[in-house]
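Below is one structure, written out as structure tokens; the observations come after it.
Quick note on labels: first sequence line is chain A, next is B, and so on, each numbered from 1. When reading the values below, keep in mind they use all heavy atoms of this one structure, side chains included, and skip hydrogens, waters and symmetry mates.
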There are 2 protein chains.
Amino acid sequence: MATIYDVSQLAGVSLATVSRVMNKNTNVSEKTKQKVLAAMAELGYRPNTFAQSLASNCSNSVGVLVSQLDGPYYGPMMAEIEAALRADNRHVIIAVGHSDAAQEIDSVEFLLSKGCDALILDVEAISDEYLIKLSQSSTPIVLINRYIAEISDCCIYLNNELGGYLATRHLIELGHRDIAYISGPAKKHDAIERLEGHKRALAEVGVSFDPALCFEGDYKEDSGVDGMNYLLSLDKKFTAVVCANDQMVSGAISVCLERGMKIPQDLSFVGYDNIPFARYVSPKLTTVNNPIHEMGKMAALWLLKNLYNKDIAVENVFEPELVVRNSAISI
Amino acid sequence: MATIYDVSQLAGVSLATVSRVMNKNTNVSEKTKQKVLAAMAELGYRPNTFAQSLASNCSNSVGVLVSQLDGPYYGPMMAEIEAALRADNRHVIIAVGHSDAAQEIDSVEFLLSKGCDALILDVEAISDEYLIKLSQSSTPIVLINRYIAEISDCCIYLNNELGGYLATRHLIELGHRDIAYISGPAKKHDAIERLEGHKRALAEVGVSFDPALCFEGDYKEDSGVDGMNYLLSLDKKFTAVVCANDQMVSGAISVCLERGMKIPQDLSFVGYDNIPFARYVSPKLTTVNNPIHEMGKMAALWLLKNLYNKDIAVENVFEPELVVRNSAISI
DNA sequence: CTGTTAGCGCTTTCAT
DNA sequence: ATGAAAGCGCTAACAG
């Protein structure tokens, strides 16, 4: 592998000059620059990133920590982050936290030990305190799907409460009053907020929230199955159910169909996230759009702006929107 | 940030000794080792990976190149790769090739320029020649979802032809003879092989393959929609359709349901890949299992064995299996 | 505009 | 078993 030294010899200049043309330093005459470029091409020169990182103390890499890689949720986000960073010749190192505090912290340490210039974190279990302290270290972080007042500037998040509100209000407008709810894990921020929105919509029309009609799932399809079986076993009337994410809706609907029920005729459903599959299942899901890919992109842009000094406008909070399809009809 | 020098001073030993304990070199007395370890802990020492990589010419990183990040397909694979490598303290750098030759090559160069120790590639558009030449360079590669005779040792792949055969034979056993087919892109190896298997199953019972009943899709849901609309517009009889992947089945089925057809009563479907959603859509999909996550894991193990000298048994070819659910019934 | 030189933090002979 | 010292390839003052 050719080194910067080989290039300098071939071009008949010094190491420093070669380094200057690589780093687009303007203080190089056009003529010298061309000589160097030619020499690089001839040798098939490729800079050694480790030497660069060691000398410059900048790795051009950003670590991305997500809860899981195998669901339908993080793919679009990762895709946007990769694309935005790649366009600027930075690379992304991935790590998975599995929604567990110990593993999340371990992953953060891991990414830090790999010399990332910055971290994009989608973490649920790590405490606010830890993150606040982390944000004060020399490695910048940006938080996706989480809002912490003390470090709000680096938080990119969705107005989850509003989404929960929109989902339930849609059903209310369709005439529903007895609405069941399958929520996400009670310890996750977004799950709590979505449920809050649901309650607000209910309260707005004077319907009291019935805890018995609320099942705590874990955002996976199977817990939608469990939740639906639970609700159906109840001796309670309900004409609609909102689920805190689309994966749980699909699980819930599959239970109903298996029991011979007609959806949405017998029961209306509203989901959350608008994952790609939502438009291909039957019935097509009425759901709340979660612009997770846009938030991923924004996180990358945030870094380009704050870490690599690009001139970019960033916004921190995203608004969810109701996507009306066929899983919910008027009573 | 503390350096190895600081540690050596605190422990009262030389740089070399500190380096030895970090690298688990045995030639260090237990006593000295403990002193060093204590010094490291006290300083919160974390080795600088760039200096390590520069000096040792080993980065402990592997590049993973996939076609896309936002489908349901690669997530499970990435998850396994990340987990296996992470367990051995290596990290993964991701890049996306978008199924385009130029972009795939660009991504390979990108990963190489980032100093990866090895590459795991799931590429479709890059030529065999390029890959063969690449495999002869100093950076080891392992190919997922692709078989190239000349470098078969580093290929981890599925017996796609058999999968295609199993899908169609299942329908034949159910009594179907008029079977339509929605294939993947004609230029992709796996799409071709799956179609071959379909043809073999047909030939086995003396049914001739009708090109008019075969639509070329692109593996995305929308092309399943297009394919179904095309087939339905034909003035041909068919009682079943096999799709080259589950995403296209879901698109195809959504068209039928929208037209008021009953699935599987009016038309049977068999898919391919067994993506997570296959068991939650209605009807639950009869499909061919594609152990993509196992192949991802195997690719990672292959590297651990061949690059990092772990003692692991690897297998190169995986066999698909039919998963019978509810989307196909006897005629 | 260009060259010289001192590191960046660690690994790895080679001595002892 | 331990230490001294020569790089690994590049960046960034500094000097001219």
Side-chain angles (χ1 to χ4, degrees), chain A residues 1-40 43-61 89 112-117 138-139 308-309, chain B residues 1-40 43-61 89 112-117 138-139 308-309:
Chain A
M1 199 77 250
T3 73
I4 199 176
Y5 177 79
D6 302 321
V7 175
S8 72
Q9 293 300 298
L10 215 187
V13 298
S14 72
L15 290 181
T17 300
V18 177
S19 178
R20 284 191 187 97
V21 350
M22 286 188 3
N23 296 293
K24 309 192 190 317
N25 187 313
T26 48
N27 294 331
V28 185
S29 73
E30 186 59 28
K31 197 174 145 198
T32 326
K33 184 176 166 184
Q34 292 309 325
K35 267 195 307 189
V36 172
L37 256 19
M40 284 178 167
L43 293 171
Y45 171 72
R46 189 184 284 154
N48 179 314
T49 55
F50 305 121
Q52 286 180 316
S53 296
L54 181 58
S56 68
N57 198 33
C58 168
S59 70
N60 288 319
S61 72
N89 204 36
L112 251 20
S113 81
K114 294 304 179 183
C116 296
D117 287 343
S138 58
T139 307
Y308 302 120
N309 305 311
Chain B
M1 199 78 249
T3 73
I4 196 175
Y5 177 79
D6 302 323
V7 176
S8 72
Q9 293 300 300
L10 216 186
V13 298
S14 72
L15 291 180
T17 300
V18 177
S19 178
R20 285 192 187 94
V21 349
M22 284 186 10
N23 297 292
K24 310 193 188 314
N25 187 313
T26 47
N27 293 330
V28 184
S29 74
E30 185 59 28
K31 196 174 145 201
T32 324
K33 184 174 164 184
Q34 293 308 327
K35 266 194 309 188
V36 173
L37 257 18
M40 285 179 167
L43 293 171
Y45 172 71
R46 188 185 283 157
N48 179 314
T49 55
F50 305 121
Q52 285 180 315
S53 297
L54 181 59
S56 68
N57 198 34
C58 168
S59 70
N60 288 320
S61 73
N89 204 35
L112 251 19
S113 80
K114 294 303 179 184
C116 296
D117 287 344
S138 58
T139 306
Y308 302 121
N309 305 313

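- Here B/S19 lies in heavy-atom contact (under 4.0 Å) with a base.
- In this structure, B/E30 places its CD atom 11 Å from P of D/dT2, rounding to the nearest Å.
- Both A/K33 and A/L15 lie near DNA chain C, and the one whose nearest nucleotide falls closer to the 5' end is A/K33.
- Using a 4.0 Å heavy-atom criterion, one finds that B/N27 contacts the bases of the nucleic acid, with or without backbone contacts as well.
- Side-chain atoms of A/R46 stay outside donor-acceptor range of the base of D/dG9, with no qualifying N/O pair under 3.5 Å.
- To the nearest 0.5 Å, the span separating CG on B/L54 from OG on B/S59 amounts to 12.0 Å.
- Closest approach to the B/S56 side chain among C/dG7, D/dA12, C/dT12 is made by C/dT12 (side chain taken as heavy atoms from C-beta onward).
- Nearest nucleotide to the side chain of A/S29, out of C/dT2, D/dC10, C/dT11: C/dT2.
- Whole-Å rounding puts the A/N57 CG to C/dC8 C1' distance at 8 Å.
- Under 4.0 angstrom from either OP1 or OP2 of D/dT11 there lies at least one side-chain N or O belonging to A/N23.
- When side chains are defined from C-beta on, A/M1 does not count as touching A/L43, because their heavy atoms never get closer than 4.5 Å.
- Residue B/S53 is out of contact with every strand shown, counting any heavy-atom pair closer than 4.0 Å.
- Contact between B/N27 and B/R20 at its shortest, heavy atoms only, is O-CD, 4.1 Å.
- Residue B/Q52 places its side chain closer to C/dT11 than to any other of D/dG3, C/dT11, D/dT11.
- Taking only side-chain atoms of B/A51, from C-beta outward, the nucleotide of C/dT2, D/dC10, C/dC10 with the closest atom is C/dC10.
- In terms of position on DNA chain C, the residue among A/R20 and B/M1 whose nearest nucleotide sits closer to the 5' end is A/R20.
- For A/T32, no side-chain nitrogen or oxygen approaches OP1 or OP2 of C/dC1 to under 4.0 Å.
- Here D/dG9 presents its C1' atom at 7 Å from OH of A/Y45, a figure rounded to the nearest Å.
- Listed for the A/S53 side chain is no donor-acceptor partner under 3.5 Å among the backbone atoms of B/F50.
- In the displayed structure, B/N23 atom CG is contacted under 6.0 Å by more than 12 heavy atoms of other residues, nucleotides or ligands.
- Rounded to an integer number of Å, the gap from A/Q9 CD to D/dG9 P is 14 Å.
- Counting any heavy atom pair closer than 4.0 Å across all strands shown, A/V13 reaches sugar-phosphate atoms only and no base atom.
- The residue among B/L54 and B/A16 whose nearest nucleotide of DNA chain D is located toward the 5' end is B/A16.
- The OH-P distance, from B/Y5 to C/dG7, rounds to 13 Å in whole Å.
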